[in-house]
Structure formats: C-alpha cells, structure tokens
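Below: one structure, written as structure tokens.
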Amino acid sequence: MKKQTNYPLYEVQPFSSIKEMMELAVRDAGNKIAYKFKDNDEIREVTFSQFADTVKQLGSFLCDISEDKRRIACIGKNSYEWITAYLTALRGDGVFVPIDRDLPETDIIHVLNDSECSIVFCDEKYEDFFRSNSDRLPLVKNYIVFERNEDDGAFLSYKKALERGKELDPSAFLSEQSAPDELKLLVYTSGTTGFSKGVMLSEHNLVSSVYYGLMVSTVYDTGLSLLPYHHTYEAVSDILVSFHHHSTLCINESLPAMLKNLVIYKPSYVYVVPAIAESMYKRIMKNIKKQGMEEQFNELVKKSNELRAQGIDKRREFFGFILEGFGGKLKKIVCGGAPIRPEVAKFFDDIGLDLINGYGITECSPLVCANHDMYNDFKTVGIKLPCIEWRIDNPNDEGIGEICVKGDIVMIGYYKQPKLTEEVLKDGWFYTGDYGYINEKDQLVISGRKKNVIVLNNGKNVYPEEIEGYIQDIDYVNEVVVSGEKDKDGNESSLTAEVYLEEKKTPSEVLKSIKKACADLPIYKQISKVKIRDSEFPKTSSNKIKRFIKEKTETVKEKTESVIETVSEKYNEYKENRETDERKNNKQ
C-alpha cells in the first residue's frame, strides 16, 4: 500500500540565519510585543525592536571584552535576561552553551571546562559557587550576573553591561556571522542513565528545525513558555519558533506559578512534556469527580461529539467552565519529550483543546516529526519534517525497529567524542536509540527506548512504556516503571510494576487494578508483581524518570557487600594462620 505523504504544509517566511530571523522580526513586527514577563509586581512588555536593541547593546559589550568566536555559557532560572543572552550569542559568531541548573556542582565545572567557555551568564545564586571554584575554571574570564548592580572584578553587572554596550560602536558585533555548518549551540545532555555528552548543533540545524517545523505545526499569537530554557525542546521549538512566527512569548517564572500565569497571560498555545499534560488531565478529572459531575461530563462529551460529527463544534461553549482555568483563550497544547497516552490526548480534544504530540531528540535539533494540525492522530507522533528522510532499521515481524533519521536537522556530532559519534552516525543516518514503526499514513508510532526493552526468556520483546501507559490510566497511580523480574537462573521471565501512588493501597489492590487496566494486553505483557514506593522516582530536569538509578544503587550495594565479604574472608584466613603459627611456637 502506498503511504500518504502529501499533507498540506503551512507557508513560512524563509530565513537562513538567526541574524536574518531577527532582522525580519524588526522589519515586519517591530512594534509588536515580543515578550511579557513579571518585573517585581508589574507585567513588563518588550517589543521586537526593543529586544533587538538590547541584543545589539549586549553584543557590543561582549565584543569589547572578548575575542570573536567566543564560547558563552548560561545558567539560571527562566527569565527575560536568559533569553537575551541566548539570542545575543546565536546572533553573533560564537557558541552558546546552556547549562542545566539542576546539575551537581562537579558536573557544572566539567561542562564549563569541556566546552571551553570564557564568559558565563548566571543568576546571583551561583556567584558564591563560581567564586569559590574560580581556580577550577581557568578558562572563564568573566561572569555576567543578571541581578548584580555593580561590577566586582570578574563578576560583572548585566545592567552595567547594557549601559556600556549602548555607548559602544555596534558595527563589529553587527558584522559577525557564523558559517551555516559551524558549531553554534552545544547542548550537554544527561539522559535517564545519567550519561552526559555534548551535542553539537549548527546554525543550519537550528534554522531548519524552526522553518520546517512551522510548516508542519504552527503556533498562534500568544504563548506561555513553561519548560526549562536549557532544554533544546524549549530553546528551539518554543523560543526560536515563537520569535520567527512573531508571537508574543510570556515567561513563566516557575512551574508552581503556571496555573496563575495561564489566567494572567491568557495564552493561545503552550509547550509541555507528558508529565505536565498528565497532571493537568488528572487534576481536572479529580475535580469533576469530587463535585459529582462525572456522569454529566461524560454526557456532555457524548453530545458534543455527536454534534461534531454533523459539523457543529460547541466544545468551547460546552466546556468553557474548564477552559477558563487555562485562561480562556488556549487553543493548542504542544506535547513532546515522550509519547502521550491517547486517553489524555482524547480528553483535551473532547473539551476543545488540540493536543499536538511530536517526537524529537536533542541530536536532531530537536524536532523530527509532529502531528499536523488538520490531521492530528494522537496515537502517533505525526509526520516527518519535509527536510528529512527516515527509516526503520532491522524491523521485526510487527515492523518495529530502531528509528533512523537523515537530513538538515541531524547534529554535527558529539563534542570531542568521535567514537561515540561513529556509533550513532553512519553514512549520514542518525540512529536514535528509539524503537517504533511507520504506519500506512507515513506517521511515526513510538514503541519505546532501545535501552529499555525487556527481553523475556520466551524470546518476546516487551516495551515497558506501552504497559506503563495502561497503568497510568489508573486514577490513583502517579508514577510507574515496568521492569523485568529475574528467575533463579538470572533470566527475565515476568514483569514487575513499581508504582508511586496518590493514595494508600496494598500491593494486591494495585495488582488487581493493573490486571483490569491491562486486560487487553497479551499474556506475556501482563504484570505479575507490584512494588509500592514511598516517594517519587528520581527524575531528570525534563521530568523524565531515571529508570536505572535503582539498578545502579543495587549494583553499588552488591559490590560493597562483595568487598566486605572478601575482606572478612581474608581477615579470617589471616587469623587462622596466625593462630596456627602461635600454636607451633608454643610447642617449640
């Protein structure tokens, strides 16, 4: 069967560089609001022209204190100042290195040294740390502190930097331009295994992700940026996409402020990860049940869907009481980072919100595919960007294999790690480490991570993410990880679900609920054992569960016990030998 590949695409203004992207914004939307954010108790607004002036001032200052091709790092909470540092670095000819603010201190030092940064933008809270570790950061010449009012040696005031930059000749900065395929964004990824590596992205990679991504899935007039800025998903797919679309991006200062800011800023779109979408869904359903409105809600959904089948859409009218909690103007929720459960996507669709699921990976700048707004199938992660090819490597009988990608969004490689690069980049194809298949409509369906696959002793491959999706549908289950249970021979013969619950339950009660939720799955995918956690699973800063932390802990424990046992044996052996020698001496 021939696959459908002729999805209509949105028209997007072409551009070839971040420099051109900014010039187009000033030319076509100079007086439009680019950013809104809280400044103390006031909502501050900045136009695209005003933002471009700030970038010019900051860039002029950087040119004055450093050489060209500078390496610039940034660490701190989401803020307007963070974005200015980011886009100033991209607008120039240097390299920008976003740093995860949740990294351990030793990792922060490693990233700065490995990336060879000479300038660091940071929040005030990091100043003491950098001062006490200055001898371990010999390449860093200046720290530009967002909240600092005065300069103090190597620690400079962001405010003073702008004042000085305003007085300088900007021509040197304005003439800077990177080659399209040079390193522009260096992102250190620390995945669920805790392994960190620098992903090298070029300006051409970033431009392609924005331009072709907007062809598949557009945005609207106002967005609320929720996710950490150091993640490529937020930094490229939200910040750069919103800028090129000339949308107003409102800055959410912290996740706890999200619900309040939805009402304050009234966005028409947001970017989230599945954990946030799940949380929204469960919160709403819990309130509906608490008010005894579940039956009425289901009837309303049924009636709404009957009308939609006749071409009449009353969702925003019927479910306005829910949509007001999102500010009343929200149209679209873009979800990435992991597949979303179809039940959650259907819920949002039922109440009048398009939940557009996509798939990406940092090494692909990061967007690979997304659901088309007019052809949204939330059982898939959508159609590929027009600039790439994709294929499934070594598919099994079900068509499932490793997803491989080739094209303009694929990274240059891993920084200073040619062997690792060779392992994943072969003849231009990037091997993602994710498993899935491409359906008859040329849409990608994700099965799970290659490293997470459980191979049972009967030869069956189990993708834990699939089963976890069923278990997540149990209303009192907050988090779940499915793993293989080993038999006495060390083979994985059955499946265990480790869960973190919202309310107290016994393992037998949970297992009963799981069996009901997973009733449609084949026998070999059924859960046979349940473990209940007292606390949440450890997570990455993008809210993904670190699956292998527990295994590593157990391994360390086993090794420690082994060392103790060996030492004990050696001591007993020494003690016996000594006693034997003493007896011999006494006889003599």
Quiz prompt | Flag side-chain contact, heavy atom, 4.5 Å: Ile83 against Tyr229 | solution = yes

Quiz item: Do Ser242 and Tyr269 have a side chain donor and acceptor closer than 3.5 Å?
Solution: yes

Quiz item: Can you check side-chain contact (heavy atoms from CB on, under 4.5 Å) on Phe243 and Val210, steps first, answer last?
Solution: CA-CA 10 Å; Phe243 198 97; Val210 173; over 6 Å; no

Quiz item: In this structure, are over 12 heavy atoms from other groups packed under 6.0 Å from Phe15 atom CZ?
Solution: yes

Exercise. Salt-bridge test for Asp53 and Lys166: reply yes if a basic N is under 4.0 Å from a carboxylate O, no otherwise.
Key: no

Practice problem: Any chance you could lay out the side-chain contact (heavy atoms from CB on, under 4.5 Å) test for Lys282 and Gln472, step after step, and finish with the verdict? | Solution: CA-CA 10 Å; Lys282 288 191 173 182; Gln472 278 280 9; 3.5 Å; yes

Quiz item: Are Lys426 and Asp393 within salt-bridge range, i.e. N to O under 4.0 Å?
Solution: no

Quiz item: Of the non-hydrogen atoms in Cys74 and Ala85, which two are nearest, and what is the gap between them?
Solution: SG-CB, 4.4 Å

Quiz item: Looking just at side-chain N and O atoms, do Asp373 and Tyr10 make a donor-acceptor pair shorter than 3.5 Å?
Solution: yes

Self-check item: Any Trp390 side-chain heavy atom under 4.5 Å of Thr432 side chain
Solution: no

Exercise. Examine the side chains of Asp221 and Ser268 and answer whether a donor and an acceptor come within less than 3.5 Å of each other.
Key: yes

Practice problem: Taking atom CD of Gln310 as the centre, report whether more than 12 heavy atoms of other residues, nucleotides or ligands fall under 6.0 Å from it. | Solution: yes

Quiz prompt | Distance-only side-chain donor-acceptor flag, Ser115 / Tyr188, under 3.5 Å | solution = no

Practice problem: Classify the angle between the aromatic ring planes of Phe48 and His246 as parallel (below 30°), tilted (30 to 60°) or perpendicular (above 60°). | Solution: perpendicular

Exercise. Decide side chain to side chain donor-acceptor pair (under 3.5 Å) for Glu363 and Tyr414; before the verdict, give the C-alpha distance in whole Å, the side-chain angles of both, and the deciding distance to 0.1 Å.
Key: CA-CA 9 Å; Glu363 288 87 342; Tyr414 293 123; 2.6 Å; yes

Quiz item: Cation-pi between Arg341 and Phe347: NZ/CZ under 6.0 Å from ring centre and within 45° of the ring axis?
Solution: no

Practice problem: With sequence neighbours excluded, give me every side chain to side chain donor-acceptor pair (under 3.5 Å) pair touching residues 17-35. | Solution: Ser16-Glu20

Quiz item: Could you walk me through whether Tyr80 and Asp39 pass the side chain to side chain donor-acceptor pair (under 3.5 Å) check?
Solution: CA-CA 10 Å; Tyr80 173 73; Asp39 188 357; over 6 Å; no

Quiz item: Does a side chain donor of either Lys184 or Asn205 reach within less than 3.5 Å of an acceptor in the other side chain?
Solution: no

Exercise. Mind telling me whether Tyr375 and His372 have parallel, tilted or perpendicular rings, with 30° and 60° as the class edges?
Key: perpendicular

Quiz item: Do the side-chain N and O atoms of Ser217 and Lys332 include a donor-acceptor pair separated by under 3.5 angstrom?
Solution: yes

Self-check item: Close side-chain approach of Glu278 and Val344, heavy atoms under 4.5 Å
Solution: yes

Quiz prompt | Parallel, tilted or perpendicular, as decided by the 30° and 60° cut-offs, for the rings of Tyr86 and Trp82 | solution = tilted

Self-check item: Donor + acceptor pair across side chains of Glu465, Tyr435 (<3.5 Å)
Solution: no

